[in-house]
Amino acid sequence: MSLIKISNLSKTYQSNGLSTPVLHQVSFEINEQEFVTIMGPSGSGKTTLMHILGFLERQSTGDYKFKGKNVENFDDNYLAKLRNEEVGFVFQAFNLLPRTTVLDNVKLPLLYSKKKNHDLLARKALESVGLGSRLNYYTNQISGGEKQRVAIARALVTNPAVIFADEPTGNLDSKSGNTVLYLLQQLNKQGRTIILVTHEAETANHAKRIIKIKDGAIISDQAVHKRVFATANTELIK
Amino acid sequence: MNLFVSIKFVLKILFAKKGRSFLTILGIMIGVAGVIIIIALGAGAKALVLGQVTKLGSNLLSVQPGKSNEKGPPAQMFGIVVTTLVNSDAQALRSTNQVPHASAVNANVLGKTTVTWRNKSIDTNFTATDAYYPKVVHVEMSAGRFFNAQENKSAANVAVLGSTVVKELFSHSAVNPIGQVIRVKSANSNIAGGVPLRVIGTVVSRGTAFFQDQDDQIIIPLKIGQQQLLGIHYLRTINIKVDSSANIQQTIQDIKNVLNRRHHIQTASEIDYTIRNMASAVALLSTITNALSLFLTAMAAISLLVGGIGIMNIMMATIGERTREVGLRKALGATNHTILKQFLLEAVILTTLGGLIGIIVGALVSYGLFLLMIHLGYDWAFVISPLSIILAIGVSILSGVLFGLYPALKAARLDPIEALRYE
């Protein structure tokens, strides 16, 4: 079933009378349970595309339909609600709250939702990324790989339809990066739609489909032939 | 997002930065403590002034020699000795057909003296007065009696002691002061060894009245003071007790008529006495305390304003630092409204905490002042009115909203993308 459908989507930034086109006439469709990589060099517009898909900003022209509904018709508050309920973000820089515990970081999206049992939901999400024993650690007391797993737990906690991961392995060593990719593949296996944004071909190949983008336009959109499967790491088992 | 969860979350954030949070609220804290202290001081001063009046007795008029502005200081304060007020003036004022509303009139002279009992000597004050004294000034005997008209007229060698004098002279021995003979000496007296006086009464402690220690004195017959201690024939004051407050103005006029006739006064410039109304002295004191309160309130208001601006300043800096956090919160589903609410809540919680600490500090300081004043012998009252607490909390919440609003609006309006990119 179609989850995301964009047609002829363009984005131009206006600043001090200067207009900078970032995306030109981009069209594609992503169905539920897909694992798609949006891949391109830096400055290609992939992060902007992710922000539009994740309701963080609006396109300049073109159509964006989410679950069959035209996003253009939604007001800012409704977009905030969609960000809270339908999507989860994993950023390259983790973006965890400093001086705050792991558990409180994961509970953060629940503050903005109507869901109850925040503690229980956050614990479950942390257990699913293998951090059940780190609940009361402060974010400066855990490793980079663990930070990104906290971020994944935070993205999962509201049970969203799709998870956006923007260069999730960019700040990590290969072992920790592998664990993150393994988790994303597991989540996809459980039926969650994953959209990964990266410039690394090796990371991109963990997905089922790669949309290549350059200078704001799609240059290819094809299934991955030799998909790489990340292996379960000992980190997660202990 | 429900308020309780929000408050809990905000408290965690603020607690994580204890030092900064404390410094942020310091201004508000001082301001609120100031407000509490000022209101407590005002109430204490009011109680003090009222206490002074009730101690001396209400409806009291005082005639002093020498002309001076009724509201200005008496001539004696400048070292001028005015001798125009004499015993016969007091006699004349007692005449009921001339001053019908004077219920009692007593004449006084005051001075310093050295009192000796056995081998113990102390320096104290004396009030030489007549037997009408207890009818004019509120006085309660702890033992013995006050001297009577006959003893006064005949300049009997008797004395009534204030409680401080009793304590200093007799507390070390088990002797009952009543019946003991003390010797009283002043710089002007030339009787060797001093004037011997038999103690016939002691007075219950009265504390200060009009800022004069009423306990550290002895009360003796008028002639003993005038002739044997001071060697004078004139009076320091004549006190007149008026039967009702409604008759005070009439009585002032009656006193003027009597004294003008006796002193042969034709024109206003010749007037050689001053009539003081204790009620107007109270009004003057109230004016002073009110002016002081107003001044201190203005200081507290400035402190609150500065504290508020401090909060605004730190909130602005905080938002600069937490731009990424705002972006993240928006990405996780926070609306502009919830961000506004969060930062406003932070400001309000900070100022309210500041207010609460300020109330506690203010109450403690007021209590300390109360203890100090009591120690100094003033009838101070420790009053923390519920109104001042409500006012303080109200002001701190209001300043949180007022000074938190602009930074909170600024945070709420941040573009999530810009904020997430912010380094």
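Naming convention: chains lettered A, B, ... in sequence-line order (proteins, then strands); numbering from 1 in each chain. Heavy-atom basis, side chains included; hydrogens, waters and symmetry copies ignored.
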In terms of heavy-atom contacts, does [atom1] of [X] have more than 12 from other residues, nucleotides or ligands at under 6.0 Å?
X: B:Met299; atom1: CE; answer: no
X: A:Lys5; atom1: NZ; answer: no
X: B:Tyr406; atom1: OH; answer: no
X: A:Tyr138; atom1: OH; answer: no
X: B:Phe370; atom1: CZ; answer: yes
X: B:Arg413; atom1: CZ; answer: no

Do you know which of B:Leu332, B:Leu328, B:Asp415 has the most heavy-atom pairs under 4.5 Å to chain A?
B:Leu332

As an exercise: rank B:Arg329, B:Lys12, B:Lys17 by heavy-atom pairs under 4.5 Å with chain A and give me the winner.
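Top count of heavy-atom pairs under 4.5 Å with chain A: B:Arg329.
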
With heavy-atom distances below 4.5 Å as the criterion, would you say the side chains of A:Leu111 and B:Thr338 are in contact?
no

Heavy-atom side-chain contact between A:Thr100 and B:Glu325 under 4.5 Å
no

Using non-hydrogen atoms and a limit below 4.5 Å, what part of residues 71-82 of chain A faces chain B?
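A:Asn77, A:Ala80, listed by number.
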
Of all the residues in residues 84-97 of chain A, which have a heavy atom that comes within less than 4.5 Å of a heavy atom in chain B?
A:Asn84, A:Phe89, A:Phe91, A:Ala93, A:Asn95, A:Leu97

With a 4.5 angstrom heavy-atom cut-off, is it the side chain or the backbone of B:Arg322 that approaches chain A, or both, or neither?
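Contact with chain A is absent: no heavy atom of B:Arg322 under 4.5 Å.
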
Closest approach of B:Lys330 to A:Arg83 (non-hydrogen atoms, all atoms of both residues):
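Result for this residue pair: O-NE, 2.6 Å.
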
